[in-house]
Protein chains: 2
Amino acid sequence: MKIPKAGTPVRGSKSGKPIMVLFDLLGRRWALGIIWNLSTGPQTFRTLQSNCDSVSPTVLNTRLKELRECGIVINGESGYELTAEGEDLFTYLQPLGHWSQTWSHAAKLKDDQ
Amino acid sequence: MKIPKAGTPVRGSKSGKPIMVLFDLLGRRWALGIIWNLSTGPQTFRTLQSNCDSVSPTVLNTRLKELRECGIVINGESGYELTAEGEDLFTYLQPLGHWSQTWSHAAKLKDDQ
DNA sequence: CAAACATGCTACAATATCTGTAGCAATACA
DNA sequence: TGTATTGCTACAGATATTGTAGCATGTTTG
């Protein structure tokens with residue numbers, strides 16, 4: 001899959017608006033999960049794979065390539081890890097953890113009716 | 001596609017951890033873009049479609065169904081719009097707009113080297 | 001009232017993407 | 001010289017997305 005790049009057309013924006021480029025990247029299977037998992041620290045390929053619910057190595061490798069290309073992940077000495085930019089991105093994603101909990105709680109209440 | 005539901009297995013989590021359920025939902029094509037576009041106010045199906053870079057009606061309708069089912073979008077009088085929960089979710093996504101700009105700027109600088 | 005539009009949406013075939021399994025090459029022990 | 005572990009590729013089958021066509025239901029407009 002083509003690696004999205006700001007300023008060039010992506011799925012979602014012919015003009016390559018940064019937010020759409022980001023959404024194209026993050027909207028790919030496992031991209032968000034990988035970032036979330038890496039936030040706890042560097043991990044080897046296989047550890048990461050196991051933490052990501054045994055995602056297939058094909059996709060994991062593809063996503064890691066894309067995320068590296070985009071400067072969000074780096075392959076360091078202790079394995080794959082978030083770059084400074086990636087860490088920064090994660091701080092913006094983190095609140096979603098809390099939101100998702102109240103959200104799922106609300107859904108459950110609705111279910112129980 | 002199956003609608004992800006907290007507490008039940010989803011792609012990314014056999015246990016259905018809320019954040020993974022959310023990531024499953026948001027990781028589908030166009031989900032993030034739809035939420036982003038709806039944040040400016042209610043829109044008809046066709047307007048939304050045109051704002052989403054002419055996404056195919058098939059996917060748009062599928063995503064809208066999922067987002068409605070999950071309580072993020074509602075089909076109101078003036079068209080599709082975010083629910084209170086959806087608006088809340090958007091406030092957490094909004095900072096990504098700014099992040100994506102500095103990110104794409106950084107990528108551009110790197111390019112120019 | 002009928003013709004002309006707009007809207008929400010479905011059908012369907014062609015593509016693209018993802019999944020799951022197998023397994024190879026390289027390195028690190030034992 | 002085994003034996004393990006790691007990072008990753010190959011490949012086929014399953015799923016998801018795209019793109020186009022077009023239908024049914026209103027809503028104007030002449």
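Everything numeric here is computed off the predicted structure, so don't read it as measured data. Order of the sequence lines fixes the chain letters, A, B, ..., with proteins taken first and strands second; residue numbering starts at 1 for each chain.
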Legend entry - Length of the CD-C1' vector between Gln43(A) and dT6(D), whole Å: 14 Å
Inset, instruction - Please check the phosphate of dC8(D) (OP1 and OP2 only) for any side-chain N or O of Tyr80(A) closer than 4.0 Å. - result: yes
Inset, instruction - Please state how far atom CZ in Arg28(A) lies from atom P in dT19(C), giving the value in whole angstrom units. - result: 14 Å
Legend entry - Nucleotide dT5(D), atom P - distance to CD of Gln49(A) in whole Å: 15 Å
Legend entry - OP1 or OP2 of dT15(D) under 4.0 Å from side-chain N/O of Arg29(A): no
Inset, instruction - Grab the CE-C1' distance between Met1(B) and dT17(D) for me, whole Å please. - result: 9 Å
Legend entry - Thr44(B) side chain near dG8(C) phosphate (N/O to OP1/OP2, under 4.0 Å): yes
Inset, instruction - Tell me whether the OP1 or OP2 atom of dG7(D) has a side-chain N or O from Asn61(A) closer than 4.0 Å. - result: no
Legend entry - Residue met sooner reading DNA chain C from 5', once Pro57(A) and Gly27(A) are mapped to nucleotides: Gly27(A)
Legend entry - Gln43(B) versus Asn51(B), side-chain donor and acceptor atoms under 3.5 Å: yes
Inset, instruction - Could you work out which one of dC9(C), dT17(D), dA11(C) sits closest to the side chain of Thr58(B)? - result: dA11(C)
Inset, instruction - Send over the distance from Glu66(B) CD to dC9(C) C1', rounded to a whole Å. - result: 16 Å
Inset, instruction - Calculate the interatomic distance between Arg11(B) atom CZ and dC18(C) atom P; express it in whole Å. - result: 9 Å
Legend entry - Donor-acceptor pair between Thr44(B) and Thr47(B) side chains, under 3.5 angstrom: yes
Legend entry - hydrophobic_cluster_shared for Phe23(A) and Phe90(A), side chain cutoff 4.5 Å: yes
Inset, instruction - Return yes if the base of dA16(D) and the side-chain atoms of Thr62(B) contain a donor-acceptor N/O pair under 3.5 Å, otherwise no. - result: no
Inset, instruction - Can you measure from CG (Leu25(A)) to CZ (Arg11(A)) and round to the nearest 0.5 angstrom? - result: 10.0 Å
Legend entry - Nucleotide of dC9(C), dT20(D), dC18(C) approaching Arg63(A) most closely (side-chain heavy atoms): dC18(C)
Inset, instruction - Rounded off to whole Å, could you give me the CD-to-C1' distance for the Glu77(A) and dG7(D) pair? - result: 17 Å
Inset, instruction - Round to a whole Å and report the spacing from CG of Asp24(B) to C1' of dC18(C). - result: 13 Å
Legend entry - Residues Trp30(A), Asp24(B); criterion side-chain contact (heavy atoms from CB on, under 4.5 Å); working and verdict: CA-CA 8 Å; Trp30(A) 275 110; Asp24(B) 184 11; over 6 Å; no
Inset, instruction - Please evaluate the base of dG19(D) for a donor-acceptor partner in the side chain of Ser54(B) within a cut-off of under 3.5 Å? - result: no
Inset, instruction - Give the nucleotide from the list dT17(D), dT10(C), dG22(D) with an atom nearest to the side chain of Lys65(B). - result: dT10(C)
